[in-house]
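Ligands are counted one by one from 1 in listed order, and the atoms in each one are counted from 1 as well. Keep in mind it's a predicted model, so treat the numbers as computed, not measured.
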Amino acid sequence: MTCFSSPIGIFDSGIGGLSVLREMQALLPGEALVYVADQAHVPYGPRPVSEIQQFSEAISRFLLTQEAKLIVVACNTASAAALSFLRQRFPHVPFVGMEPAVKPAARKTQTGKVGVLATEGTFASERYADLMARFAQDVVVYQNPCHGLVQLIESGQGDEPETERLLQEIVWPMVADGVDTIVLGCTHYPFVIPVLEKVGGTAVFIIDPAPAVARQVKRVLEKAAMLSANTGAAQLDLVTTGAAGNFAHQVQQLLGYEHAVKTAVWQVENGELTLQFSQVQL
Ligand code: DGL
């Protein structure tokens, strides 16, 4: 049984969702959180929709065994592929998903030209097509699937010259054409905002949707009278399907604190993919 003191579940293919987690920790410091990084399968971007749906369903089941009262799909690619599917599968669970912030970007731009950085999975989705049809009619949108960027960030090379070179290739042609607003449509990308600012220059406004997602989580919990009453330090569980030591190091690098990490393993049971805590925790 979930109750107001139950944790909020969050997941992503890897470390990207930590950019959402840190906003949630800032806005909702009393909430217990369980974060799952599916690093066994990162990147999700090039994967088929059906596969991402399978992973997302199994991760959601895992989070529900941890009594999650709400699940944040802190991944644009998984939201695009699986958010409607998850809502159908688990009709009683509140889900908060993500989508590229095309609407605020279309409002913000002065030049009428907007850049969207996301994954190929997000760009290929119906959700994205719908977003474009609704909010991008009066602006020119420059899209880039940023091939290799998620992997560079996952491997800790976010501030290496290689990342800067890749971002130059992506951003310079947009800026040369007059793009003045760039949407971060992948939760990994906020971790390279300093490089993006350097490459794009001061004329470019960057939109990171993570703070808006945290506010949406708060609204949903408020409405359901499910906000935690806790005023002390909140429990944080970090779980990876990859290597615990590596994830703990990434958390330290990106969020600035040390924290224990548990590992979970993928298994097939009666033909169904499941995620479970591994027996041996290093
Ligand atoms: N962080 C993810 C997103 O927001 C997924 C990146 C990936 O695994 O390709 O899209």
Can you tell me how far the CG atom of Leu28 sits from the CD1 atom of Ile8, to the nearest 0.5 Å?
->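 Rounded to the nearest 0.5 Å, the CG-CD1 separation comes out at 5.5 Å.
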Centres of the Phe62 and Phe277 rings: under 6.0 Å?
->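 Ring centroids of Phe62 and Phe277 are less than 6.0 Å from each other.
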Using a strict cut-off of under 4.0 Å between a residue heavy atom and any atom of ligand 1, list the qualifying protein residues by chain and number.
->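 The answer is Asp12, Ser13, Val42, Pro43, Tyr44, Gly45, Cys75, Asn76, Thr77, Thr119, Val150, Cys186, Thr187, His188, counting any residue whose heavy atom sits under 4.0 Å from ligand 1.
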If you look only at distance, which donor and acceptor atoms sit under 3.5 Å apart when one is on a side chain in residues 171-178 and the other is two or more places apart or in another chain?
unit_1 : atom_1 : unit_2 : atom_2 : d
Trp172 : NE1    : Val199 : O      : 3.1
Asp177 : OD2    : Tyr142 : OH     : 3.1

Taking salt bridge (Lys or Arg N to Asp or Glu O under 4.0 Å) as the test, write out the residues that go with Glu197, two or more places apart.
->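 With neighbours one apart ignored, the set is empty.
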Has Lys108 got its NZ or CZ under 6.0 Å from the middle of the six-membered ring of Phe205, at an angle within 45 degrees of the ring axis?
->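 Satisfied, under 6.0 Å and within 45°.
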Could you tabulate the donor-acceptor pairs under 3.5 Å formed by side-chain atoms of residues 17-26, not counting sequence neighbours?
unit_1 : atom_1 : unit_2 : atom_2 : d
Ser19  : OG     : Gly16  : O      : 2.8
Ser19  : OG     : Thr187 : O      : 2.8
Gln25  : OE1    : Tyr257 : OH     : 3.0
Gln25  : NE2    : Tyr257 : OH     : 3.2

